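Structure record follows, encoded as structure tokens.
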Amino acid sequence: MIPDIATRVYNHAFRIDPIVRTLLDTDFYKLLMQQMIWKQHRDLRVTFQIHNRSSEIRLADIVDEGELIAQLDHARSLRLAKNEMIWLAGNSFYGAKQIFEPDFMEWLAGFQLPEYELTRRDGQYELRFAGPWVGTTMWEIPALAIVNELRARAAMRMMSRFDLDLLYARAKAKLWGKVERLRVLAAEGPLKLSDFGTRRRHSFLWQRWCVEALQEGLGENFVGTSNVKHAMDLGLEAIGTNAHELPMVYTALANDDEAMRQAPYEVLRDWSKVYGGNLLVVLPDCYGSTSFLEQAPDWVADWTGARPDSKAPLAAADELISWWRQRGRDPREKLLVLSDGMDIDTIETAVRGLRGRINVSIGWGTNLTNDFVGCASGGADGDLRAFSIVCKVVEAEGRPAVKLSDNPNKEIGPPDEIARYRRVFGVTGMAAQPVLV
């Protein structure tokens with residue numbers, strides 16, 4: 001049954017109305033990385049922290065601290081249910097059975113999110129998760145989902161039932177207009193699109209509606225969702241591979257410049273000990289895609305594909321296509337996953353511009369599950385507009401962690417460490433671009 005979202009939002013008479021309902025309400029790549037960490041780095045201590053790139057949005061002045069604590073504590077109370085364990089253990093992912101090993105599943109059955117540290121500073125929340133990496137890694141998605149939905153709830157608190165009904169009616173119509181454009185795109189040629197919108201979604205229920213709309217509207221062209229809970233409930237493929245935290249931790253632990261330069265490739269070696277096939281997707285941009293590709297061992301070109309995450313889609317694609325050709329590989333046999341701030345215009349441009357050159361898969365994130373621009377009455381759009389917030393590694397075994405990116409506006413880390421990383425990895429191919437989500 002399709003939920004009446006407006007009524008659910010209006011009737012917040014529940015004791016808590018949990019934002020995170022299950023530990024499976026996370027992105028699939030977190031479970032994949034957690035298993036690798038559990039196998040290879042179980043006792044390594046890593047700290048994550050929320051970072052609000054849109055500093056003009058003073059979250060601590062918007063989101064009630066008591067509500068935030070209640071939601072975080074509720075998430076800590078969750079354990080995987082028996083039916084969820086059976087689904088994870090028995091389902092096939094990426095064509096492989098028992099991708100999660102029995103010993104890991106036995107450990108996972110007792111897993112709970114670790115403790116957190118919450119303080120306020122200059123209108124922002126400082127939310128940190130310190131402890132063994134195998135536990136702290138799992139806070140990233142639920143923490144971001146909680147903060148985003150609490151901000152949305154705060155914006156809608158004073159709306160009437162009629163205002164909320166109109167808000168969601170307009171948002172549904174807006175999304176369906178995009179779906180109709182995607183239908184035209186699919187009629188022209190191959191289209192593979194999946195939902196990547198968990199971390200900065202408007203709400204759990206809204207993400208579910210968006211996913212069901214794409215199922216209905218796109219059929220087989222909608223290939224899955226990164227959200228494990230929605231994948232289980234709706235019979236979809238769970239989509240995801242790996243993230244920047246892996247090279248960030250490995251590089252932070254390196255003892256000299258050369259070890260730093262080799263760290264991103266050590267990540268790939270360790271990943272390939274656990275996974276294969278379509279899970280062999282390179283994330284090249286943590287310290288600059290151009291540098292990564294220039295220095296990559298030849299075996300990296302044999303991986304299934306790549307997910308560029310901070311360059312303009314066509315520019316990133318052109319660079320990778322050229323690199324594969326230089327390494328003697330046929331780009332038409334490779335997979336390119338585009339997921340950085342994609343929306344209907346960039347999806348259309350990228351798919352049409354790359355057909356026949358490479359196999360493109362679109363990961364549609366924040367602009368799918370949190371686009372309410374133009375939908376609210378009375379000028380409330382600004383309070384509902386998606387913003388750029390991330391949860392990243394800040395320390396590994398007490399050492400500062402850094403991410404450079406192809407876009408300097410996405411850099412994270414202490415200034416002196418950023419300068420050192422720039423010296424080690426170089427800045428070739430990097431160019432500043434606005435970061436909207």
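Only a predicted model underlies this, so the values are computations on that prediction, with no experimental measurement involved.
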Exercise for review: Starting from the C-alpha separation in whole Å, work towards a yes-or-no answer on side chain to side chain donor-acceptor pair (under 3.5 Å) for Y250 and D270.
Suggested key: CA-CA 11 Å; Y250 277 50; D270 283 354; 2.6 Å; yes

Exercise for review: Would you please test K178 and I347 for side-chain contact (heavy atoms from CB on, under 4.5 Å) and show each step?
Suggested key: CA-CA 10 Å; K178 297 178 182 181; I347 291 170; over 6 Å; no

Exercise for review: Check the pair F425 / T251 against side-chain contact (heavy atoms from CB on, under 4.5 Å), numbers first and verdict last.
Suggested key: CA-CA 11 Å; F425 290 100; T251 311; 4.0 Å; yes

Exercise for review: Test side chain to side chain donor-acceptor pair (under 3.5 Å) on K229 and T198 and set out the steps.
Suggested key: CA-CA 10 Å; K229 171 64 172 171; T198 301; over 6 Å; no

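The line from CZ of F129 to CG of L113 is 8.5 Å long, rounded to the nearest 0.5 Å. Remark: L246 CG to T137 OG1 distance equals 8.0 Å, nearest 0.5 Å. Atom CG in L214 sits 9.5 Å away from atom OG1 in T225 (nearest 0.5 Å). In this structure, the separation between CG on L404 and NE2 on H244 is 10.5 Å, given to the nearest 0.5 Å.
A donor-acceptor pair is defined here as one N or O able to donate and one able to accept, closer than 3.5 Å; no such pair exists between the side chain of K403 and the backbone of V393. Remark: the backbone N or O of A130 is not paired with any side-chain donor or acceptor of T47 at under 3.5 angstrom. The backbone N or O of M430 sits nowhere less than 3.5 Å from a side-chain atom of D406 that would complete a donor-acceptor pair. Side-chain atoms of D343 never come within 3.5 Å of backbone atoms of D345 as a donor-acceptor pair (strictly under, hydrogens ignored).
Among the candidates W133, F104, F111, the single residue satisfying the ring pair (Phe, Tyr, Trp, His ring centres under 6.0 Å) test with W38 is F104. Partner R53 forms a side-chain contact (heavy atoms from CB on, under 4.5 Å) with one of V437, N409, V435, L436 and no other, that one being V435. Among Y168, F387, W209, the single residue meeting the ring pair (Phe, Tyr, Trp, His ring centres under 6.0 Å) criterion with H202 is Y168.
Of the charged side-chain nitrogens involved, none lies within less than 4.0 Å of a carboxylate oxygen, so that D257 and R261 do not count as a salt-bridged pair. Between E67 and R157, at least one side-chain nitrogen of the basic residue sits less than 4.0 Å from a carboxylate oxygen of the acidic one, meeting the salt-bridge criterion.
The two residues N370 and A386 make their nearest non-hydrogen contact at O-CB, 3.6 Å. Contact record, I141 with K30: CG1-CG, 3.6 Å, taken as the closest heavy-atom pair. Nearest approach of F222 to V211, heavy atoms of both residues: CE2-O, 3.8 Å. Across all their heavy atoms, P434 and N407 have their closest contact at O-ND2, 4.3 Å.
Within 6.0 Å of atom CD in E216, 12 or fewer heavy atoms from other residues, nucleotides or ligands are found, so the atom counts as exposed in its surroundings.
Between F93 and F28, the distance from one ring center to the other falls under 6.0 angstrom.
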